[in-house]
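These figures come from a predicted structure and were not determined experimentally. Within every chain, numbering begins at 1; the chains are lettered A, B, ... in the order of the sequence lines, protein sequences first and strands thereafter.
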Protein chains: 2
Amino acid sequence: MAQPIPLQKDPSQADRALLGIRDLVFRGEFKAGERLPELALVELLGVSRTPIRAALQALAEEGLLEASQPTGYTVRGFSETEIADAIEVRGTLEALAARMAAERGVSGSYLAAMSDCLDRIEELLAKAKPGRDFLAQYSQLNNQFHEMLVAASGSEIVARALARASSLPFAGHNAFVSIQGRIPGSLEIFRAAQRQHREILEAIEARSSARVEPLVKEHARIAHKNLQLVLQNNEAMKNLPGAPLIRRRP
Amino acid sequence: MAQPIPLQKDPSQADRALLGIRDLVFRGEFKAGERLPELALVELLGVSRTPIRAALQALAEEGLLEASQPTGYTVRGFSETEIADAIEVRGTLEALAARMAAERGVSGSYLAAMSDCLDRIEELLAKAKPGRDFLAQYSQLNNQFHEMLVAASGSEIVARALARASSLPFAGHNAFVSIQGRIPGSLEIFRAAQRQHREILEAIEARSSARVEPLVKEHARIAHKNLQLVLQNNEAMKNLPGAPLIRRRP
DNA sequence: TGAATACAAATTGTATACAATTTTGGAAGC
DNA sequence: GCTTCCAAAATTGTATACAATTTGTATTCA
């Protein structure tokens, strides 16, 4: 099962470089298509070239940057279609994970833990209205449920593939949660998602692999709908982390 | 569309390190679970630590190595189940690519090029018996068809995810082709695969997204069967590149 | 004026020195 | 005999010097 937080002592320079560069890109300090000169990053982040290079390589693997010809790295931009495809890939792999969980079976205690997680989400939805705290808590619980779902597959290989697919900007399950407070009717979206969570868990409990697969795929389509909503809402776009990476339709 | 060969002038030290380490691991010079000290690799490959480190990082991303606690890298071993899962992930993503191709449509000239590729495979199967040349040619053409299939999806995101999934040892479509000459009845396996290739192409031509998805998944199961055959055949195991990475069932 | 070339600046690739950390081996103490 | 601690060795993390390459710019020649 995956260790959610590796619990590291003090962050290395390489970690600082990774987080620092990702932050610079997400904040739009470097725009899509722009080069990232190593020395500029050394200046901005205060670490030497060695960890900077390691971070650039990692971010290129992650998909945020791309190696440019004949050398160096540039910021990658994402079209609406590309983001939709990334969500589709994530949903497909999540569905595979859920199917495996249903086929291979999950222990009663683990199912109970997943159900507990859903209970807490319901509690949250019952009493709270969208706001700062609410969104942070929902995001955390939603994340936990999805982590547990993948772990339930029992396959490290699938978990790995899924983690990679989810690391693309806007592809993860919480990509749009942080700004749903600004979108009208978002509470109803959360409620719909939660109903799907229950159905997914029930299908796994019933070992119904044929049913759980389309359920998870459908669940991933919420992200799709959120993408559409955000793109039509300028106010939301301003507050979406990484918004400068999105290539709007010409 | 993906550039199969980046056409680089002379290989960098980093490239040499990457290929060199992969080769050492596939040949079993370092066994599963064993550490890869940087200085040992410097000695063996004759390049300095900087490109060695870049290569280690890349190979860990690829899945061949894993970062070990609290530092360094070790060779990753693969159980039979893990290899089966990797094939399943690859098949799932390939099916997604094919479905997208069917949904979005593929130009007539591209379909014709894919058909040409299949014609050449048929020609090869008609006249040749399994042997050195035959396997190399089949492998090349099989690879070409699968590359074209992914490209037909029109999605770089999916192509990327698939390339990563296929880079895990034994997960690619040609993983077991090189030793099929040693397995009795292999020609019949190739013929069955080719019949599936035709059906897949016909389904895409007919824009039948619902039909192409299970066809591609079924096609990927050939790799599954080949895995079983190889594991039961000691002679074949000896000639399988990367065989030392496989953790046999205890 | 425009193109070609040579020179300068910027940038990345590589090697290596040094720092920090982890592991190892053994001696001392219980 | 076993554990504990410390020092030495091994190993990785980081910074930086130098080399090789690419890019930009100015100057010269047609």
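- For the residue pair B:A152 and B:Y110, the shortest heavy atom distance occurs at CB-CE2, 3.8 Å.
- B:R16 comes within 4.0 angstrom of no nucleic acid atom, judged by non-hydrogen atoms across all strands.
- Note: CZ (A:R49) to P (C:dT12) measures 7 Å, nearest angstrom.
- Comparing A:Y73 and B:P51 against DNA chain C, the residue whose closest nucleotide sits nearer the 5' end is A:Y73.
- Atoms CG (B:L56) and C1' (D:dT11) sit 13 Å apart, rounded to a whole Å.
- Within 6.0 Å of atom CZ in A:R27, 12 or fewer heavy atoms from other residues, nucleotides or ligands are found, so the atom counts as exposed in its surroundings.
- If you find the closest nucleotide of DNA chain C to B:V47 and to A:E38, the one lying nearer the 5' end belongs to A:E38.
- Side-chain N/O atoms of B:R35 include one lying less than 4.0 angstrom from OP1 or OP2 on D:dT12.
- Checking the phosphate oxygens (OP1, OP2) of C:dT14, no side-chain nitrogen or oxygen of B:T50 falls inside 4.0 Å.
- The phosphate of C:dT12 (OP1 or OP2) has no side-chain N or O of A:T71 nearer than 4.0 angstrom.
- Comparing A:A14 and A:P70 by the nucleotide of DNA chain D that holds the closest heavy atom to each, the one mapping nearer the 5' end is A:A14.
- Between the CD1 atom of B:I52 and the P atom of D:dT11 there is a distance of 14 Å, given to the nearest Å.
- A residue-by-residue look at B:L39 and A:Q69 shows that B:L39 has its nearest nucleotide of DNA chain D further toward the 5' end.
- Residue contacts shown for A:S12 are limited to sugar-phosphate atoms, with no base heavy atom under 4.0 Å away.
- Taking 4.5 Å as the limit, some side-chain heavy atom of A:N142 sits within range of a side-chain heavy atom of A:H197.
- In terms of heavy-atom proximity, B:M114 sits nearest to B:F145 at CE-CE1, 3.8 Å.
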